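Reviewing the structure listed below.
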Amino acid sequence: MILPALLILSQLDVINSVKPVFPFSSVSFPEGNAYTKYEKYPPGCSTPDEMEKRAVPPLQENSNGVSSQLIHVTTIIRHGARTPYAGAPEYQCWDGYWEDEETGIWNCDLKTYISPPAATKDHVVDSEGMLQEEPDFLFEKRYDALTGPSGKTENHLNGTCQLGQLLQRGYDQELQNGFHLRQAYFYDGKTAEEHTASDSRMRLWDLTKESEGGRKASTPDIGDPTKQLYQEPNLRYRADDEQRTLMSGQVLLRGLFEQELSSGDDETAIIRLHTADYALDVLVPDEKKCPKTLQMKNEAYNSDEYNHWIDNSMEVKMVKSFLKEDMGLDEVPSSILDCLMTTICTDRSLPESLNDYDGSLGTTPWEDFLPSSSTSAEGVESGDDATAMFERVANFAIKNFTFPYKYNDAAFAKQGMGPLWKEIMANILPIVDSANYPSSGTPLPKLALFSGHDTTLMPLLATLGDKVWSGTDWPPYASMIQIEIHEITNSNEGSDFPSGYAFRLVYNGLVLTERMDGCVADSELCDSQVLVNQVMTFAKYQQRDCEAASVVPPYVKPYEDGLAKEMKTALEELVAAPGGVWVVVVFAMFCISLGAMLTFFSMKRQMPKSYCYRPDSLTLGGFSMTDMEDDETRFQSENSPVTESGETSLQTKFDENTLI
């Protein structure tokens, strides 16, 4: 029996999994895939119906008689549905969230299985990457060690789930993604006509042919027909080191290569996974390693455009007022969007005032907001016009978070995603621009899979041009981007594909190619040089300019709108008033003087006796107090060195580490 993905992450039983029962447990929230609690679910939940819509679309007929053949696909995914990413008190939702067993305790059916590595790999893995011997045993990883008598655990989520762990729903979503990719790019002679791979131009793998042939001489080697389909160089699998991204990619590959992995052999498949230390990885904008990235983000939040919106929009005021009066939140927590989605998407109960999702509003356009000019914030406080609040709160949170991605021609996104684009293009450039980026001689992958986050997909899309991504379209669970590379087999002079290669951009089943600047309208294929020119100016890693132009200012959370803001407003009004500056100066001087006096008397009362030790007494076993003086006579620093005469030097040397 072959277990997918090297047995690193798997599920005991996807369909008939049994929830673990703990002694005296009072918590039994079902973890299924039913989606039955609510009449409608946001697209972000990726219900089975939504997932069905995201199949890779067929390739339309090329104009001008151009012939093409698909030769490479890069796929970037968001992980599937998951648990909250943090626990209390960081993760704030609404009054009673953590006290309610339904939302405050998270138990998981999905398990992680670990196979111990062999002592010597050469004795176990053959030349084709197959395990000659099955593992003798597996370890099942359970987060239940801190379970108490009540059934709750001391984990962050009070149950058996990890923070941000992939749920069974997320497992099913990524399995569906794997099926979508197989139906789009695999042809085995039995492929249904409605599937994209029934078109010979879209067959990344044609299992009915022994040899592919027909490639242009300039096209480098792609894949290796002597290797298994799921082995390198046919596949390159990349993920960051988070449970939800690792497992999401592995489950997708299970759906994609299910037939090959379960061919009946008694050997276990090895699928290589490339990852890195999470804190240093580049699948999301790396603000810590690259100060300039953080500076660009802060510039967006400090911009006049952002501050005009956050300070003057009636819709923003309405949402904040609603959350304060109805949800008990003095400030809008950064976790509010995640609270909404992890609650509704797992069939947990929303507060009554937020239980009104019907999908009538949709996402808020980047420039426009709900027509609320006739509705004041006070109207919401009194209960007037507080409708569709689930969507209104979600739309506010989305725009507030995504604002930096498109600001200033996506400067923050380009800087932050440069390293990842470099990785992506390393598999594409030697194909489409071999003159400038020659192949190293190692065959390139046919399929490159990157498993990341919503904060991977959004900035990537933002870097491709202003019209590609709306700026407020939050990627649903298990979202997928495909960058397809097509070889133009009969390119003519003056055609739309002078490079001889084309690309197609697909996002969740929608073709976005024509939205990129430089691409022909009403055409799904675009010359590959448009993609190269768009991203290669910032597709850099070590070569990036990460030095901030100035000291990065402290970033104040844009959600904050409480006492601090009221004090700031009052101070600004005082300074603007006649004589206000002098009032501020006199008040500041008074505070300084008062503080100095209080400090002096406090120190005088609490100052301990200071002792001076003579050098001759500082011997092992011979400590004695000598030359003791009262504090009122002389103040001696605790760090003051002792001179040969026994007196104390008042010079103090600071440890450099204390100044950092």
Side-chain angles (χ1 to χ4, degrees), residues 9 11 17 19-31 44-45 78-114 139-171 239-248 275 277-279 281 283-284 288 327-329 331-351 397 401 451-455 477 557 559:
L9 296 171
Q11 186 183 26
S17 60
K19 187 174 184 65
V21 178
F22 298 100
F24 313 105
S25 175
S26 62
V27 183
S28 58
F29 187 80
E31 156 75 285
C45 290
R78 183 193 177 190
H79 57 75
R82 59 158 173 79
T83 63
Y85 64 77
E90 176 186 351
Y91 196 84
Q92 300 179 48
C93 295
W94 43 77
D95 283 346
Y97 177 89
W98 288 109
E99 291 72 31
D100 188 337
E101 286 189 350
E102 190 178 8
T103 53
I105 301 177
W106 291 74
N107 289 317
C108 286
D109 297 332
L110 204 57
K111 302 297 186 299
T112 297
Y113 288 84
I114 305 174
F139 289 96
E140 179 185 309
K141 189 176 182 181
R142 289 195 173 204
Y143 274 73
D144 60 0
L146 302 179
T147 305
S150 66
K152 292 177 61 175
T153 73
E154 295 300 318
N155 294 328
H156 288 292
L157 299 180
N158 303 312
T160 60
C161 295
Q162 293 175 250
L163 290 176
Q165 176 180 334
L166 190 73
L167 295 169
Q168 181 175 317
R169 298 173 188 230
Y171 186 106
D240 67 14
D241 200 18
E242 284 275 11
Q243 187 270 356
R244 59 187 178 273
T245 51
L246 295 172
M247 185 180 279
S248 290
T275 188
D277 288 334
Y278 180 76
D281 215 339
L283 267 70
V284 297
K288 293 182 180 179
M327 298 289 101
L329 299 170
E331 298 173 356
V332 184
S334 58
S335 55
I336 190 64
L337 178 63
D338 200 67
C339 296
L340 294 174
M341 298 307 295
T342 54
T343 300
I344 193 172
C345 295
T346 58
D347 280 344
R348 286 169 166 80
S349 297
L350 289 162
F401 186 92
S451 182
H453 305 264
D454 42 16
T455 49
Y477 292 131
K557 241 184 354 181
Y559 291 113

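Numbers here simply count residues along the sequence, with the first being 1. Note that the structure is predicted; figures quoted are calculated from it, not measured.
- By the 4.5 Å heavy-atom criterion applied to side chains, D281 and E242 are not counted as neighbours.
- Within the 3.5 Å criterion, the main-chain N or O of D240 finds a donor-acceptor partner in the side chain of T245.
- Side-chain contact annotation: T275 with D241, donor-acceptor N/O pair under 3.5 Å absent.
- Proximity of L167 to C108: side-chain heavy atoms (C-beta onward) are separated by under 4.5 Å at one or more points.
- Within the model, atoms CD of Q165 and CG of L110 stand 6.0 Å from one another, a figure rounded to the nearest 0.5 Å.
- Looking only at side-chain heavy atoms (C-beta outward), W106 and N155 stay at 4.5 Å or farther from each other.
- By the 4.5 Å heavy-atom criterion applied to side chains, R142 and T160 are not counted as neighbours.
- In this structure, S451 and S248 approach most closely via the heavy-atom pair OG-CB, 4.1 Å.
- Scanning all heavy atoms of the two residues, the minimum distance from I344 to C45 falls at CG2-SG, 3.9 Å.
- Separation of atoms CD (Q168) and NZ (K111) is listed at 9.5 Å; rounding is to 0.5 Å.
- Remark: side-chain polar atoms of E99 are not paired, donor with acceptor, to backbone N or O of G104 under 3.5 angstrom.
- When all heavy atoms are compared, the tightest approach of A397 to I336 is CB-CG2, 3.8 Å.
- The aromatic rings of Y97 and Y91 sit tilted, their planes meeting at an angle between 30° and 60°.
- Two residues are said to be in side-chain contact when any heavy atoms from C-beta on lie closer than 4.5 Å; F401 and L337 fail this criterion.
- T153 contributes no side-chain N or O that, together with a main-chain N or O of T147, makes up a donor-acceptor pair within less than 3.5 Å.
- A 6.0 Å sphere centred on NE2 of H453 holds more than 12 heavy atoms belonging to other residues, nucleotides or ligands.
- Distance OG1/T83 to CG/N107: 11.0 Å, rounded to 0.5 Å.
- The shortest heavy-atom contact between Q162 and L157 is O-CD1, 3.4 Å.
- Taking the six-membered ring where the residue is Trp, Y477 and H79 present tilted rings, their angle falling between 30° and 60°.
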If you apply the rule side chain to side chain contact (heavy atoms under 4.5 Å, CB included), what do you find for L350 with W94, and how did you get there? CA-CA 10 Å; L350 289 162; W94 43 77; 4.0 Å; yes

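- From R82, atom CZ reaches atom CZ of R244 across 5.0 Å, with rounding to the nearest 0.5 Å.
- Of all heavy-atom pairs spanning T112 and M247, the tightest one is OG1-CE, 4.3 Å.
- Separating the CG atom in D100 from the SG atom in C93 is a distance of 11.5 Å, to the nearest 0.5 Å.
- The shortest distance between side-chain heavy atoms of P351 and M327 falls below 4.5 Å.
- Rounding to the nearest 0.5 Å gives a distance of 9.5 Å between CG of L340 and OG of S335.
- Across W98 and H156, no two heavy atoms sit closer than the pair CZ3-O, 4.1 Å.
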